[in-house]
Amino acid sequence: MPLIEVSRLTKVYQVPLRQPGFTGAALSLVRPSYKAVTAVDGIDFTIQAGEMVGYIGPNGAGKSTTIKLLCGVLAPTSGSVSVGGLDPHRRRMENARRIGLVYGQRSQLLWDLPVRETFYLLRRIYQVPESTYRENLADFGRTFEIDAVWDTPVRLLSLGQRMRAELAAALIHSPPIVYLDEPTIGLDVLAKSRIREFLRQMNRRRGTTVILTTHDLRDVEEVCDRIIMIHQGRLVYDGALEGLRGTFGERCTLTLELEEAAGGAVAPEVALDDDVRLIKADGKRVELAFDRRRISAPEVIARACAVLPVRDLVLRETDLESVVKQVYGGNGIENGNGNGEGRGGGEP
Amino acid sequence: MRTFGSYVGLYLCYLRVNWLALMAYPTEFWGNNLGNVAGNLLGIAAVGIVFGHVRAIGGWSFDQVLFLYALAMVARSLWHLFMVNCLNLPYYVQRGTLDRLMVRPVNILFQVYADYLDNDDWGEAVIGLVVLGTLSVRLGLVGVGPEVGLARSLTNVLWLAVIALSGTAIFAAIHLAANTTSFWLVQAGAVSQLVWQVDGFSRYPLNVYSRPLRFVLSWLLPFGFINFYPAHLFFGPSGVPEGGGLLWVARLTPLVAAAAFGLAYRFWQAGLDHYQGAGS
């Protein structure tokens, strides 16, 4: 049985409409009017225990709303959520014992006090048994380096230290499920990669189920084995990271620098068929995309060099970011899984 | 399930955290409390100034009015010291901080109260207790001599404690209800501010006000049950302007307090449901 089951989940917010001016304000007191905004629109997915899932989508896609529904903060408008067999909204307290929540932008640490005070308090809040508490602290002392900052007031921590403390705090009651909302936001590259490493360790050692929302797709690439992508409240992709690339994106991009401006007139000669696609021809710069499973890189380069005065070239694998951009660019959303390779789209 | 005992333990832990945080800013603590002491002394002085011109207000003597005043001070300060954070409810709702409380296995309102104590009202608590104690002796409600009697003293002290706690619950109910409106209104601060203004009426005996205002202060925003009605328990039929007729109302005080808080709590729960988008 899956740990998390979401079916036909829909959340409609009633957003109050306010008329301008004093009369409008007075009127809205007497007869408030509302506008319905659908944040989550009939989403289905299931998550097994121990999975690490990246939940991604642009701002306003409905990510936070989904997390709130999973946590029991919001009640669904229709459809259902079940977490470990419980309705998280109706059985808020029981559900709360099983989840850990980390907000990148909202701290749960006690700002003016040494780190240890937060842990004393959380221990009481979650009624963590003495033995579990000690074990976890010993563990965090090693993996999250909590020992070093134990007596330091939270306001004096670096952002990276704070995020590690934040993670440890969210795990002090050994929750089987952890929701992370932008856990690496604002961190430098090194701190980011450490947080990712901690997440992988946590999953490996404790079997913790991780649901991660993020804007930094590197987080997803390095941590998650599965992606759920939503756009405008609807699910647009659910599956392996590799599948997302295969479904939505060409795998390689070749950027050519030319001796002289070739322009759009010459460049298309390289992209003769579906295998190689012209993304951009902009003066001395030409960008080509191709699927490595259908045509090899040397072949594309050879073809380009034959017709264009190439001075320099850069070859890179399509990263998730550009794949996602392509998805949100408007193609392939309507028909869910898209129609495989060789589709047009991308840059206009 | 969480037991009552575990809530007590958790509350002590919250107190500790709040007091430690307070010690991080000692100047702020002393500044706020000195200001508070000054404000409360001025309030009492104002009563004195009024009685420099009149001998009684609505049939109540200077000592009796001060007694009422001090009763409200004690109740208000107890509420302020332990439950003031419900005034921040509008911010919790607007900034989404409430979500953080909702993902913890603890009653949400308990967390709102325990989350932050400003510790700014110790002055009112101390002055209120001193004034209340002094006047209880001067008005012959409590004493060690034979003229009051041990039994009567004890009964009065017990009633005073019950009345003070009931008053705390009434303050809590009124402010909770006022701030719960923030689940529906963006400008809930205005409602809360209005209630604070109405609190000012509790400084003088209700019988000086017009009928409609008296009704409001008795049954809608029951500030009257903080000091005016319960005072009838102590002064006897000849000692109060409206005679013994209100004694039975005075005895209802703990029930009124419980009912008021119960109603406010139901309202709060409806607000939470609205916030979560459950039901209607």
Side-chain angles (χ1 to χ4, degrees), chain A residues 10-14 16 18 25 28-29 32 39 64-65 67-78 88-103 105-108 110-114 116-118 120-127 153-155 170 173 175 179 181, chain B residues 1-3 5-26 28-29 92-108 110-111 114-116 181-188 190-191 194 269 272-280:
Chain A
T10 300
K11 179 68 189 179
V12 179
Y13 290 114
Q14 297 297 329
R18 283 195 296 148
S28 72
L29 269 180
S64 323
T65 303
I67 298 293
K68 286 180 187 178
L69 288 160
L70 287 169
C71 290
V73 167
L74 295 177
T77 306
S78 67
H89 166 61
R90 293 227 170 78
R91 318 241 324 247
R92 185 188 70 80
M93 293 250 218
E94 281 162 272
N95 183 60
R97 288 184 187 280
R98 301 180 184 176
I99 63 169
L101 191 61
V102 179
Y103 283 114
Q105 286 167 305
R106 229 180 275 156
S107 179
Q108 72 160 328
L110 300 164
W111 190 246
D112 290 316
L113 299 183
R116 57 166 192 266
E117 297 296 334
T118 300
Y120 294 162
L121 182 63
L122 287 175
R123 194 198 143 188
R124 285 280 188 175
I125 286 176
Y126 289 99
Q127 299 175 296
V154 172
R155 65 188 142 86
H173 56 295
Y179 302 105
D181 193 3
Chain B
M1 269 309 282
R2 221 171 233 287
T3 58
S6 89
Y7 270 106
V8 173
L10 181 58
Y11 194 72
L12 292 177
C13 203
Y14 268 110
L15 279 187
R16 172 195 150 87
V17 158
N18 272 294
W19 285 336
L20 284 175
L22 184 76
M23 284 176 216
Y25 302 102
E28 201 186 9
F29 171 78
Y92 278 71
V93 174
Q94 275 160 30
R95 294 182 195 155
T97 325
L98 201 63
D99 297 2
R100 162 61 68 201
L101 309 186
M102 291 170 82
V103 296
R104 289 175 168 172
V106 181
N107 178 285
I108 299 167
F110 172 90
Q111 290 184 78
D115 207 32
Y116 177 70
T181 56
S182 61
F183 285 115
W184 292 274
L185 307 174
V186 184
Q187 298 288 334
V191 180
L194 181 76
Q269 280 181 319
L272 266 187
D273 278 348
H274 178 78
Y275 181 80
Q276 298 182 294
S280 54

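The shown structure was predicted, so the numbers you read here are calculated from the model rather than taken from an experiment. Per chain, numbering begins at 1; letters A, B, ... match sequence-line order.
Per-residue counts of heavy-atom pairs under 4.5 Å with chain B were compared for A/Val12, A/Leu101, A/Thr118, A/Ile99; the largest is that of A/Leu101. In terms of non-hydrogen atom pairs under 4.5 Å with chain A, the most contact-rich of B/Asn107, B/Leu272, B/Leu101 is B/Asn107. Between chain B and the residues A/Arg123, A/His89, A/Lys68, the largest count of heavy-atom pairs under 4.5 Å involves A/His89.
From A/Leu110, atom CG reaches atom OH of B/Tyr14 across 8.5 Å, with rounding to the nearest 0.5 Å. With rounding to the nearest 0.5 Å, the separation of CG in A/Asp181 from CG in B/Asp99 is 10.5 Å. Atom CZ of residue B/Arg16 and atom CG of residue A/Leu113 lie 9.0 Å apart, to the nearest 0.5 angstrom. Summarising the geometry, atom CZ belonging to A/Arg106 is positioned 8.0 Å from atom CZ belonging to B/Arg100; distances are rounded to the nearest 0.5 Å.
In this structure, the portion of B/Tyr7 lying under 4.5 Å from any heavy atom of chain A is its side chain and not its backbone. No part of A/His173 comes within reach of chain B, as not one of its non-hydrogen atoms sits under 4.5 angstrom from that chain. A/Arg155 touches chain B through its side chain: at least one heavy atom from C-beta onward sits under 4.5 Å away, while N, CA, C and O do not. Neither the backbone nor the side chain of A/Leu69 comes within contact range of chain B; no heavy atom of the residue lies under 4.5 Å from a heavy atom of that chain.
When all heavy atoms of B/Cys13 and A/Tyr120 are compared, the pair lying nearest together is SG-O, 4.0 Å. Between A/Lys11 and B/Gln276, the closest heavy-atom pair is NZ-O, 3.1 Å. Taking all atoms of both residues into account, the shortest heavy-atom contact from B/Gly9 to A/Arg124 is CA-NH1, 3.9 Å. The minimum heavy-atom distance linking A/Cys71 with B/Val103 is given by the pair CB-CG1, 3.8 Å.
For the pair A/Gln14 (side chain) and B/Gly277 (backbone), a donor-acceptor distance under 3.5 Å is absent. At least one donor-acceptor pair closer than 3.5 Å links the side chain of A/Arg92 to the backbone N or O of B/Arg104.
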